[in-house]
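Beneath this line is the structure, given in structure tokens, with notes to follow.
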Amino acid sequence: MKRLSGIKIISTAIGIMITSLASAHHPIHGKFDPAEAMQLSGIVTKVDWRSPHVHIFLNVTNNNQPVNWAIELENPSILVDNGWKEDSLEPGAAIIVAGMRARDGSRQIWGDSVTLADSGRQVYSVSSKAPAKPLTGRPVPRWPSDNKPALGAGPGGIGGIWSYPSEKALVEDGVNISMNEYGLLDNIDDAARVAPMQDWALARYVHRQQRQLQDDPTYLNCKPPGGPRQYQSDLGLQLIEDKKNERIFVLLGSGNRNYRLIYLDGRDPSGQVGGDDDNPLYYGRSTGNWEGDTLVVNTTGFNEDFWFTNGGLPHTNRLSMVEKFTRTDFDTLHYEVTIDDPGAYTRPWTASWELSWLGGKELPFSLCQHNRQ
Amino acid sequence: MYKGLIKGLSVIIGVVFLSFGALAQEGHPLKGSWIGEWSGNTTHGDFVLIVMDWNGEEVTGMINPGTDNMEIESVELDPTDWSVVISADGYTIDAMIENLELPSRALSGSWRSSNGRGDFEIVRQ
């Protein structure tokens with residue numbers, strides 16, 4: 001078995017190499033340990049403002065010797081959305097940082113809070129709450145041609161995107177489970193309640209959770225956020241209705257600014273007009289129709305190369321989805337998805353959440369491939 | 001001589017495939033094409049290829065498709081420890097999945113039949 005062991009060593013080494021090369025962006029608990037809380041005080045030496053994560057470099061005096069630490073923060077797009085700029089913090093500033101230390105013991109921490117030492121003012125703070133909506137719900141915009149609800153800005157409207165999903169990971173409707181923004185369960189014993197998984201799927205989900213989601217191919221390899229995951233990103237999405245050609249473009253702010261097409265022209269679910277050679281896809285093949293004010297979309301033809309939700313629930317190529325999009329008022333999109341995957345689940349199940357309208361906002365220029373630089 | 005040459009070339013091809021990395025497979029962990037060895041197998045040779053699929057109820061597949069063609073009769077996967085038992089044409093393979101989350105995960109263990117037994121190790125391509 002000497003030769004085979006060599007092959008395995010090579011494959012394992014390649015896997016580890018890929019993992020380490022691609023570890024630039026990540027669910028934070030994969031890299032940082034919430035059980036290792038720490039606080040640092042020091043002088044800023046540099047602010048490195050780039051995707052996928054902003055870093056502050058900090059000189060901390062230890063035994064009269066300056067020791068440099070790296071403080072990792074959110075994506076620049078998210079910081080900008082919260083009103084921060086690259087020069088909101090400048091070298092020479094004295095700051096206090098509270099956060100959690102890197103699991104590998106290196107001098108890195110995730111910055112939960114960054115406070116100016118002299119004034120006590122917080123910088124680079126981030127809110128995950130959607131902007132407040134008008135007290136009185138504004139009416140849904142409609143297309144004059146067919147009186148259907150507009151899923152975007154609508155006729156004559158200014159641009160905008162849908163963002164701030166009220167749920168960040170798939171959980172069956174009616175089940176109340178606590179998890180973080182990356183879909184990491186607060187209590188692993190809740191795993192079996194998330195969705196009606198087959199035994200192997202549950203075991204694989206638990207394994208991914210126990211590894212703190214560090215194997216997520218969306219972060220490791222820039223795999224597209226296919227399936228319902230595209231509606232779980234804070235980077236948002238845009239729905240462009242091409243009425244003339246009876247199709248809808250779903251433009252994503254996450255991943256590599258991918259797009260997905262939903263055809264409303266009555267075609268078979270075969271992808272583009274000439275088909276797609278029956279290749280299974282990240283976003284599948286989607287056809288839709290209106291049922292009253294709700295757009296109903298059927299999608300099949302998924303590959304198995306990606307995680308279809310934050311948190312790592314598995315799926316197979318037998319997955320089919322029925323999505324329902326309902327704009328309940330001007331500022332709210334209700335999204336509902338029914339998962340039917342007899343390869344991974346014991347029965348069909350449904351999850352739903354809402355997205356908020358950010359009028360006038362454009363998709364952030366955040367490319368996953370930039371993470372590789 | 002030819003047998004040795006073919007085996008050598010196959011291993012080289014396998015390593016070349018590995019150097020490009022296996023295709024991702026985030027669904028059922030046994031699904032895919034696997035290449036490796038069942039060492040000491042005087043009947044079918046040390047080199048083995050296995051193709052497996054998952055239909056939602058059972059794992060199906062073939063050992064050495066196109067050459068020795070042994071249809072897999074049953075596959076038992078225990079997800080509590082990721083142990084696997086494969087039965088085909090008088091063979092029983094007991095193995096464990098290693099590096100579960102890597103596309104190039106491995107199945108490592110032993111094989112046995114009425115003609116012998118030995119180590120078993122295959123890597124997903």
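A note on names: the letters A, B, ... follow the listed sequences, proteins ahead of strands, and every chain is numbered from 1.
- Contact check for Tyr182(A) versus His29(A): no side-chain heavy atoms found under the 4.5 Å cut-off.
- Residues of residues 297-306 of chain A lying within less than 4.5 angstrom of chain B, judged on heavy atoms, are Glu304(A), Asp305(A), Phe306(A) in numerical order.
- With hydrogens and angles ignored, the 3.5 Å screen pairs a side-chain donor or acceptor of Arg105(B) with a backbone N or O of Pro29(B).
- Between chain B and the residues Arg318(A), Arg208(A), Arg211(A), His315(A), the most heavy-atom pairs under 4.5 angstrom are made by Arg208(A).
- At a 4.5 Å heavy-atom cutoff, the contact between Leu77(B) and chain A is made by side-chain atoms alone.
- Contacts of Thr346(A) classified as side chain to side chain contact (heavy atoms under 4.5 Å, CB included), with partners at least two apart in sequence or in another chain: Pro196(A), Gln198(A).
- Annotation for Glu71(B): atom CD does not count as buried by contact number, only 12 or fewer foreign heavy atoms lying within 6.0 Å.
- Only the side chain of Pro217(A) comes within contact range of chain B, judged by heavy atoms closer than 4.5 Å.
- There is no side-chain donor-acceptor pair under 3.5 Å between Tyr282(A) and Asn258(A).
- In the model, Ser39(B) has no side-chain atom that pairs as donor or acceptor with a side-chain atom of Glu37(B) under 3.5 Å.
- Once rounded to the nearest 0.5 Å, the distance linking CG of Asp81(B) with CD1 of Ile97(B) reads 9.5 Å.
- Both the backbone and the side chain of Arg204(A) come within less than 4.5 Å of a heavy atom in chain B.
- Aromatic ring pairs are classed by plane angle as parallel below 30°, tilted from 30° to 60° and perpendicular above 60°; the pair Trp200(A) and Trp54(B) is perpendicular.
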